[in-house]
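To start, the structure under review is shown below, and the notes come after it.
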Number of protein chains: 2
Amino acid sequence: MTKTPYPGTQSIRRAMSLLKAFTDAQPEWGLTDLAQAVGLNKTTAYRLMTALENEGMVARDVHTSAYHLGPGAIVLGGRALRTNDLHITSRAELEELAGDTGESATLEIRVDCDVLIVDQVQGAHVLGAAQEIATRWPAHATSTGKVLLAYLPVTQCEELFTVPLVRYTEKTITDLAELQVELAQVRAQGYATVHEELELGFVAAAAPIFNHNAEVIAAVSIGGPGARLQASHLQGVVNQVIQAAKRISERLGFVNSNSD
Amino acid sequence: MTKTPYPGTQSIRRAMSLLKAFTDAQPEWGLTDLAQAVGLNKTTAYRLMTALENEGMVARDVHTSAYHLGPGAIVLGGRALRTNDLHITSRAELEELAGDTGESATLEIRVDCDVLIVDQVQGAHVLGAAQEIATRWPAHATSTGKVLLAYLPVTQCEELFTVPLVRYTEKTITDLAELQVELAQVRAQGYATVHEELELGFVAAAAPIFNHNAEVIAAVSIGGPGARLQASHLQGVVNQVIQAAKRISERLGFVNSNSD
DNA sequence: AACTGCGGTTCATATTATGAACTCATCGTA
DNA sequence: TACGATGAGTTCATAATATGAACCGCAGTT
């Protein structure tokens, strides 16, 4: 996938692809299956996994000797989350957003053609999104995803979607051309919304966060049941999200009028 | 450090030690410093870091080109967290506890001012607690409850008890101030016990389970008839419970604050 | 302009990772 | 209970791989 492998890094790439084989859908692997799935020789996989096990990145079921991700991965992920300065900077804004709107506020970044929830503050309402930090959602069916895709160079965006856009509801945009139209609109208006495109009844709005270099590095969103986020009310929420995103961007060194 | 390095894994061990250099205290590294801190040749460090960067495990500040942990680490950690749920992780320890002591071992979480039994392994003895998974007991009269309350912020703990503490036996703590004293003691010693406070003749000891974020998310306990768990023997049981809780915590990514 | 410190690159070398073939343990089934 | 199948773990000759000393060139300092 990633071209131009820097020389001398074969085993790291292999080790990482082993780690990435542990998904939510398949969190446990036997050695032989794992090796086959990743396309490695069994011995090589065994050696790499043993190393990863010694480092605590994976662990094994005492009984079945099946591999699963280990505490080392949790520790590392926790550190990555905490030390992310975007995360630190945004926290207060998320809390304010969630407080003002009563809905759940999230901070998300893009990872390939998914978005990753980096931080979340629950809304006041009982009915709302569950705690989902570190989970991923498809970019094309989320408001944050649309924002993060919209500000990508068109070519780069197209490269991401080599496989068909997965349908989640009847409203999901599954046509790439149609998505591009939507993204153009998002760019034009500076925010994105989803209306039941990921899940029936779920509505959300997102706005981009710019870094000091005027690149979009993340998106904030507010999401909740469509019953509460109806058109009249939604526009107000959209504005709040935009303002919050703008404040975060400024704290990251973004200056609106482009200089340099 | 780790003895008997399995052959053919040098670069993985090195890559992992690079990743582990990113602590909360030092979340950002320049290449040269990092290489020196980890004890690697600069070129080697560069090569490994480039590989890790391509895999998304680390990322760099656009401006300073300093390394920090990347989204890949967050994703991985999230998966590890969701995969490693408490049940799976604790099961073996519960079994060992129950096996070693002959008494019933439980895993419990707090729900409002009750504790909920999430998992349980019966002891060998016939006379013991019945199978109680998914049942609730009052937190103020159980060892696990005391543990789970003890590590709560005091204000939050007080908010829970708007109604009087229910008396179950003549030993039940029903005075809130007295309970707070007991909880302080629990915090100080790192474990809790009950002596016939829930039921005459029933004695138990519990210890806290910490997650990767150093929050107490659950408690393990051993409980049985006071006739078998007398003072002399109880201390040994307490230690076993503490050790089991500690091992579970570690597997959940908890790192004792005096390391790093 | 010269200096310093840093990220990044080159390339000959042998250390290192590799994988085919093997053993051993376990488990389901006949 | 024996037997075959499956999967974890080991061995070892091989060369492909990672290695690191020395190098470049840029950016910020003095």
Side-chain angles (χ1 to χ4, degrees), chain A residues 2-22 26-70 212-213 253 259-260, chain B residues 1-22 26-70 92 95:
Chain A
T2 34
K3 54 172 186 172
T4 324
Y6 200 93
T9 58
Q10 188 193 59
S11 50
I12 274 74
R13 286 205 315 283
R14 288 177 165 184
M16 291 306 142
S17 56
L18 283 171
L19 287 178
K20 288 175 181 172
F22 293 84
Q26 174 100 37
E28 277 212 348
W29 285 98
L31 176 61
T32 307
D33 285 350
L34 177 59
Q36 196 163 3
V38 176
L40 288 178
N41 179 284
K42 188 170 64 110
T43 308
T44 302
Y46 176 69
R47 206 173 336 98
L48 296 174
M49 290 304 286
T50 304
L52 292 171
E53 187 184 355
N54 286 331
E55 300 294 334
M57 295 298 287
V58 299
R60 334 187 49 165
D61 188 297
V62 187
H63 225 174
T64 68
S65 77
Y67 291 97
H68 57 89
L69 291 175
H212 60 99
N213 211 21
S259 50
D260 270 333
Chain B
M1 312 303 158
T2 35
K3 54 168 188 171
T4 325
Y6 200 93
T9 58
Q10 189 192 58
S11 50
I12 273 74
R13 286 204 314 283
R14 288 177 164 184
M16 292 305 142
S17 56
L18 283 170
L19 287 178
K20 287 175 182 173
F22 293 84
Q26 173 100 36
E28 276 212 350
W29 285 98
L31 177 60
T32 307
D33 285 350
L34 178 59
Q36 196 162 3
V38 176
L40 288 178
N41 179 285
K42 189 173 63 120
T43 309
T44 302
Y46 176 68
R47 206 174 335 98
L48 296 174
M49 290 304 285
T50 303
L52 292 171
E53 187 185 355
N54 286 332
E55 300 294 333
M57 296 299 287
V58 298
R60 334 188 49 164
D61 187 296
V62 185
H63 227 167
T64 68
S65 77
Y67 291 98
H68 57 89
L69 291 176
E95 283 171 352

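Model, not experiment: these values are computed from the prediction.
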### Query
Is the backbone N or O of A/A15 less than 3.5 Å from a side-chain atom of A/K20, with the two atoms forming a donor-acceptor pair by type?
no

### Query
Is a side-chain N or O of B/T44 found less than 3.5 angstrom from the main chain of B/L40, in a donor-acceptor match?
no

### Query
Can you check whether B/R13 has a side-chain N or O nearer than 4.0 Å to OP1 or OP2 of D/dA18?
no

### Message
Whole angstroms only, please: what is the CE-P distance between A/M49 and C/dT18?
### Response
14 Å

#### Entry: First of A/R14 and A/G30 reached from the 5' end of DNA chain D, by closest nucleotide
A/G30

### Summary
A/R47 and B/T9 have their tightest heavy-atom pair at O-CG2, 3.4 Å

### Query
Do any N or O atoms from the side chain of A/E28 and from the backbone of A/G30 form a donor-acceptor pair under 3.5 angstrom?
no

### d(CD, A/E28; P, D/dG7) in whole Å
15 Å

### Task
Provide, to the nearest angstrom, the distance between the OH atom belonging to A/Y67 and the P atom belonging to D/dG7.
14 Å

### Message
How many whole angstroms separate atom CG of B/L40 from atom P of C/dT16?
### Response
13 Å

### Message
If I take atom CG in residue B/D33 and atom P in nucleotide C/dG5, what distance separates them, rounded to the nearest angstrom?
### Response
12 Å

### Task
Look only at the side chain of A/Q36 and the backbone of A/V38, and say whether a donor-acceptor pair between them is shorter than 3.5 Å.
no

### Query
Under the 3.5 angstrom rule, does the side chain of B/W29 hit a backbone N or O of B/A66 as a donor-acceptor pair?
no

#### Entry: Rounded distance (Å) that lies between atom C1' of D/dT17 and atom CG of B/L48
13 Å

### Task
Select one nucleotide: of C/dG19, D/dT19, D/dG9, the one nearest the side-chain heavy atoms of A/N41.
C/dG19

### Message
Rounded to whole Å, please give me the gap between CD in B/Q36 and P in C/dG7.
### Response
11 Å

### Message
With a 4.0 Å limit, can you tell me whether A/Q10 has a side-chain N or O closer than that to the phosphate oxygens OP1/OP2 of C/dT16?
### Response
no

### Atom-to-atom span, CD of B/E53 to P of C/dG8 - whole angstrom
8 Å

### Task
Look at A/Y46 and D/dA8 and indicate whether a side-chain polar atom (N or O) is within less than 4.0 Å of OP1 or OP2.
no

So which protein N/O to nucleotides 22-29 of chain D N/O distances come out below 3.5 Å?
none

### Query
Are any of A/T44's side-chain N or O atoms less than 4.0 Å away from OP1 or OP2 of C/dA17?
no

### Message
Can you tell me if B/R47 touches the phosphate of D/dT19, counting only side-chain N or O atoms and a distance under 4.0 Å to OP1 or OP2?
### Response
yes

### Task
Of all the heavy-atom pairs spanning A/Y67 and A/E53, show the shortest one and how long it is.
CE2-OE1, 4.2 Å

